[in-house]
Novice: 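Have a look at this one.
Lettering follows sequence order; numbering is per chain, from 1.
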2 protein chains.
Amino acid sequence: MSPASEIHVLSALVRKLESIARLSDAERRAIESLPAKPRLLQPGQDIVRDGDRPSQCCLILDGWACRYKLLGAGKRQIFSFHIAGDVPDLQTLHLHVMDHSICTLTEATVAFIPHDSLRDLITRFPGLAEIFWRDTLVDAAIFRAWIVCMGRRSAYEHIAHLFCELYLKLRAVGLADGYRCPLPITQIDLGDALGLTNVHVNRVLQEMRRQGLITLRDHTLAIESWDELSRISEFDPTYLRLEKQAA
Amino acid sequence: MSPASEIHVLSALVRKLESIARLSDAERRAIESLPAKPRLLQPGQDIVRDGDRPSQCCLILDGWACRYKLLGAGKRQIFSFHIAGDVPDLQTLHLHVMDHSICTLTEATVAFIPHDSLRDLITRFPGLAEIFWRDTLVDAAIFRAWIVCMGRRSAYEHIAHLFCELYLKLRAVGLADGYRCPLPITQIDLGDALGLTNVHVNRVLQEMRRQGLITLRDHTLAIESWDELSRISEFDPTYLRLEKQAA
DNA sequence: TTCAGATGTTGATGCAGGTTATGGCGCCGG
DNA sequence: CCGGCGCCATAACCTGCATCAACATCTGAA
């Protein structure tokens with residue numbers, strides 16, 4: 001890896017952290033000088049597995065990934081979707097054994113950063129420790145939002161809520177705008193995230209199209225009525241803690 | 001507050017942290033010298049509210065509390081139950097606006113610790129910062145476990161899983177043993193945590209009693225067959241990260 | 001260009017869990 | 001001593017989503 005391309009690689013992380021906090025110049029430079037080995041992965045490839053004890057974290061540079069857990073009888077639950085700038089296994093810095101897996105959902109570029117380098121970084125920059133901690137706290141806030149959706153909302157409301165969340169997260173790192181965003185995942189993936197079957201996801205999507213709420217084609221989601229979508233799902237973006245707030 | 005009683009108050013926090021990590025003597029003493037104002041609260045009383053910007057954290061000393069969110073149409077979702085030693089709003093150190101509420105479920109004693117004191121503590125003891133961070137990460141791991149239960153398990157399996165989790169958490173801080181533990185909450189509370197109605201919770205509990213899995217009387221849960229209960233719910237205690245592992 | 005496997009769509013049917021209602025019991029305040 | 005209230009229990013009925021199945025369409029590899 002040439003230094004030049006490493007700076008480029010880590011700018012994804014800088015952009016993500018700046019979407020939820022402010023960085024000083026020194027902090028930005030320190031992040032950009034982290035060692036990071038990028039790799040291109042095929043869709044559906046595991047990055048870390050349930051039970052692993054990783055010695056590095058993965059930074060998504062391009063494409064989508066998700067955290068998931070497999071259960072008996074072939075059931076799968078997805079906990080979170082991850083896009084450029086996310087470090088979905090940041091918690092392995094302090095929780096050494098993985099209690100779930102992480103895999104790509106699309107073709108994806110992923111960079112690996114050794115734990116040692118991260119630990120060194122946050123020792124030298126306690127402000128960054130705080131920001132990384134904060135990032136894992138936002139993660140937890142998103143889990144809580146998902147719990148509300150799974151426990152107390154209908155499938156229709158749940159999907160609406162997820163679309164609002166994904167759109168804002170993508171927009172915050174410059175991957176979406178004008179109420180359109182990429183959604184390069186299958187209805188099966190959506191179902192596994194929502195706790196529904198792909199069949200029912202399909203029916204609800206049809207209904208949302210019929211209502212004129214969304215269009216969804218060629219792996220692109222267009223939100224035709226943000227107000228309706230967020231009203232239906234009682235969506236309140238506070239929990240995402242984005243510096244640039246919702247439309 | 002006399003110093004002597006403050007030491008007693010904060011030993012709940014020490015015990016809790018020692019259930020998920022190891023403390024040095026200096027760290028233990030530093031925690032025990034935190035300022036903490038205990039208060040006795042009635043059941044069902046809010047400790048912090050959705051939208052608040054607290055300047056202190058609450059430490060549960062006795063009784064049960066929970067994090068929850070209210071939705072339109074009177075729906076409520078509970079995210080977590082909290083017992084002696086827990087600091088359910090630790091995240092307010094870095095996420096300033098509450099995105100949910102915290103209330104007592106029983107009569108409870110709660111101590112308030114100013115953010116400033118906590119920030120000072122973790123600046124002086126970076127090892128403690130790490131442990132607090134770790135505690136919020138365990139929290140997030142529990143959220144993930146709940147998401148799996150809500151998305152991919154039946155009501156029966158879900159309740160079984162929750163009982164396993166609660167028993168181990170209580171035992172880890174010395175509040176349970178011999179497969180018996182206090183469960184001083186109503187079936188309505190359980191339903192709001194599980195994403196079920198109290199009626200269905202009742203049905204499932206009857207069924208579990210009929211199967212001889214549990215007895216539940218006088219706010220006390222007795223697990224009659226730990227093996228069955230954990231097998232049914234595919235319970236794997238790894239995610240709780242307890243130093244003293246499961247039976 | 002073709003073909004096979006993955007994904008999306010639609011329909012028929014069943015069940016887990018929601019909804020509504022009612023009664024009993026223990027507790028507390030008047 | 002009574003009345004009201006909170007919680008537990010049970011029953012009857014309803015519905016959202018799962019399940020199973022068939023087929024259509026897309027995608028990518030040969």
Novice: Quick one: are the ring centres of H100(B) and Y68(B) less than 6.0 Å apart?
Specialist: no
Novice: Within less than 4.0 Å of OP1 or OP2 of dC25(C), is there a side-chain N or O belonging to R217(B)?
Specialist: no
Novice: Take atom CD of E207(B) and atom P of dA16(C), then tell me their distance rounded to the nearest Å.
Specialist: 11 Å
Novice: Does T197(B) reach a base, just sugar-phosphate, or nothing at all? Heavy atoms under 4.0 Å.
Specialist: base
Novice: Between D177(A) and R171(A), does any side-chain N to carboxylate O distance fall below 4.0 Å?
Specialist: no
Novice: For the ring pair F143(B) and W146(A), is the centre-to-centre distance below 6.0 Å?
Specialist: no
Novice: Where does the chain A footprint on DNA chain D start and end, counting 5' to 3' with a 4.0 Å heavy-atom cut-off?
Specialist: dC17(D) to dC20(D)
Novice: From C-beta outward on V199(A), which listed nucleotide comes closest to its side chain: dG18(C), dG11(C), dT20(C)?
Specialist: dG11(C)
Novice: Would you kindly compare D218(A) and R203(B) by the position of their nearest DNA chain D nucleotide and give the one closer to the 5′ end?
Specialist: R203(B)
Novice: Hey, is D86(B) close enough to K169(B) for a salt bridge, meaning N to O under 4.0 Å?
Specialist: yes
Novice: Got a salt bridge between D52(B) and R49(B), using NZ or NE/NH1/NH2 to carboxylate O under 4.0 Å?
Specialist: no
Novice: How long is the line joining OH of Y156(B) and P of dA16(C), in whole Å?
Specialist: 13 Å
Novice: Once you round it to whole Å, what is the distance between P of dT7(C) and NE2 of H200(A)?
Specialist: 21 Å
Novice: For I185(A) and G151(A), find the nucleotide of DNA chain C closest to each by heavy atoms; which residue's nucleotide sits nearer the 5' end?
Specialist: I185(A)
Novice: Separation of N198(A) atom CG from dT10(C) atom P, in whole Å?
Specialist: 14 Å
Novice: Take atom CG of L105(A) and atom P of dT7(C), then tell me their distance rounded to the nearest Å.
Specialist: 11 Å
Novice: Does G44(B) reach a base, just sugar-phosphate, or nothing at all? Heavy atoms under 4.0 Å.
Specialist: nothing
Novice: Mind checking L205(A) for me? I need base, sugar-phosphate or nothing, with any heavy atom below 4.0 Å counting as a touch.
Specialist: nothing
Novice: Give one of base, sugar-phosphate or nothing for R209(A), where a contact means two heavy atoms less than 4.0 Å apart.
Specialist: sugar-phosphate
Novice: Rounding to a whole Å, what distance do you find between H158(B):NE2 and dA16(C):P?
Specialist: 18 Å
Novice: Using a cut-off of strictly less than 4.0 Å, decide whether N202(A) has a side-chain nitrogen or oxygen near OP1 or OP2 of dG8(C).
Specialist: no
Novice: Between K75(B) and D192(B), does any side-chain N to carboxylate O distance fall below 4.0 Å?
Specialist: no
Novice: Under 4.0 Å between a Lys/Arg side-chain N and an Asp/Glu carboxylate O for D135(A) and R241(A)?
Specialist: no
